[in-house]
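Notes to accompany the following structure.
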Amino acid sequence: MLTDRGHRLSVLAVDPSSCTSGGSLLGDKTRMIELSRDMNAYIRPSPTSGTLGGVTRTTNEAILLCEGGGYDVILIETVGVGQSEFAVADMVDMFVLLLPPAGGDELQGIKRGIIEMADLVAITKSDGDLVVPARRIQAEYVSALKLLRRRSGVWRPKVIRISARSGEGVSEMWDTMREFQRVMLASGELSTKRQQQQKVWMWNLIQENILQHFKTHPSIQEQIPLMERKVLSGALSPGLAADLLLKAFRSKH
């Protein structure tokens, strides 16, 4: 729909990696058959490599590259398992939560934190037999969002129903996204949000690099297997083992 309207679209799809083998499915590109043939669309599947939040370290840089390459709409698709999805909220303008209908007790099953992060909630697969449960869930989330603290002073999160099969609600969803952009730009909240995100990203990279430096430090690298064995056998508590390793690291510096 977006490329038909003259937009250049970039999809950065993040796939879950196996903790055992480190491999990932990377199936997104194979499923997006029409989009992968579209000259105005670019799809980049990438494994999470165990990164929290289902976002690879390079996702933020990839966004900048896509913007520089002339893509005016960039969609980040995450693992979406509720595992530290806050990482995603710190690199996008709008955070959209997609929920399938008929998934049981939805409001209990979804963490409150991730709902609070959402600027838009979209109930997917709203077609056929699922229209009725989709409407019910929409009503539930409209009520739930009224009780939650608003992140923005100018935007109230909306709940819509969409269907990829019939196309219902997709155009309305894009209109809502454009409205969000207009409201946030006019109020100045969008530029403030982007400035804050740059600071958060700087500290995220510092934390990652410090941890990597700690793990690969020669004197610590030798002690890590020993400390892990002691923790596994119960000879040391995890807290004490961590303190000893940090003490050794500090003394070498």
Side-chain angles (χ1 to χ4, degrees), residues 1-3 5 7 9-16 28 31-32 35 41 43-45 48 53-56 59-60 62-63 66-67 71-101 103 106-107 109-127 130 134-135 137-142 144-146 148-152 154-185 189-190 193-194 196-197:
M1 184 197 79
L2 292 175
T3 54
R5 292 187 184 188
H7 293 286
L9 174 69
S10 174
V11 181
L12 304 179
V14 186
D15 262 12
D28 295 279
R31 289 200 300 272
M32 299 179 189
L35 205 55
I43 309 169
R44 176 184 181 266
T48 58
V55 182
T56 59
T59 304
N60 212 45
I63 293 170
C66 289
E67 285 178 343
Y71 293 96
D72 60 332
V73 180
I74 300 168
L75 304 177
I76 318 295
E77 190 238 6
T78 69
V79 176
V81 288
Q83 180 195 28
S84 183
E85 293 306 78
F86 300 94
V88 192
D90 285 327
M91 63 175 69
V92 296
D93 292 334
M94 186 179 201
F95 187 93
V96 182
L97 178 63
L98 302 175
L99 293 172
E106 285 80 14
L107 286 171
I110 299 284
K111 292 176 185 170
R112 175 177 166 162
I114 197 169
I115 303 170
E116 284 184 335
M117 300 304 290
D119 299 306
L120 175 65
V121 177
I123 313 300
T124 62
K125 299 177 175 65
S126 179
D127 50 54
L130 293 174
R135 281 181 181 152
I137 294 161
Q138 183 184 25
E140 283 181 13
Y141 273 93
V142 167
L145 285 167
K146 286 176 185 172
L148 298 178
R149 180 176 55 85
R150 282 169 62 183
R151 285 200 308 146
S152 166
V154 294
W155 177 259
R156 184 180 291 278
K158 292 179 169 56
V159 186
I160 60 170
R161 288 182 296 110
I162 58 169
S163 165
R165 182 184 287 173
S166 68
E168 186 198 346
V170 177
S171 184
E172 291 81 352
M173 184 177 184
W174 178 242
D175 292 341
T176 306
M177 289 174 163
R178 293 302 296 266
E179 185 193 347
F180 172 84
Q181 184 188 39
R182 183 183 56 76
V183 169
M184 293 292 278
L185 274 172
E189 269 194 39
L190 195 60
K193 187 178 187 178
R194 284 195 169 192
Q196 284 296 113
Q197 286 176 347

Results of side-chain hydrogen bond (donor to acceptor under 3.5 Å, both in side chains) for Ser126 - residues two or more places apart only: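 Ser126 satisfies side-chain hydrogen bond (donor to acceptor under 3.5 Å, both in side chains) with Arg161 once adjacent residues are dropped.
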
List in chain and number order the residues that pass side-chain hydrogen bond (donor to acceptor under 3.5 Å, both in side chains) with Arg182, two or more places apart in sequence or in another chain; answer none if no residue qualifies.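 Arg182: no side-chain hydrogen bond (donor to acceptor under 3.5 Å, both in side chains) contacts found.
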
Looking only at non-hydrogen atoms, find the nearest pair between [X] and [Y] and report the distance.
| X | Y | value |
| --- | --- | --- |
| Trp155 | Ser152 | N-OG, 3.0 Å |
| Ala118 | Leu97 | CB-CB, 4.0 Å |
| Leu12 | Ala62 | CD1-CB, 3.9 Å |
| Val170 | Ser163 | CG2-O, 3.9 Å |
| Ile137 | Pro100 | CD1-O, 4.3 Å |

Using a 4.5 Å cut-off on heavy atoms from C-beta on, say whether the side chain of [Y] contacts that of [X].
| X | Y | answer |
| --- | --- | --- |
| Phe180 | Leu120 | no |
| Ser10 | Arg44 | no |
| Ile63 | Met91 | yes |
| Glu67 | Ile74 | yes |
| Lys193 | Asp93 | no |

Look only at the side chain of Asp90 and the backbone of Gln197, and say whether a donor-acceptor pair between them is shorter than 3.5 Å. no

Is the backbone N or O of Pro101 less than 3.5 Å from a side-chain atom of Lys125, with the two atoms forming a donor-acceptor pair by type? no

Side chains of residues 171-179: which donor-acceptor pairs under 3.5 Å do they make with residues two or more places apart or in other chains?
| residue | atom | partner | partner atom | Å |
| --- | --- | --- | --- | --- |
| Ser171 | OG | Arg5 | NH2 | 2.8 |
| Glu172 | OE1 | Gly169 | N | 3.4 |
| Thr176 | OG1 | Glu172 | O | 2.9 |

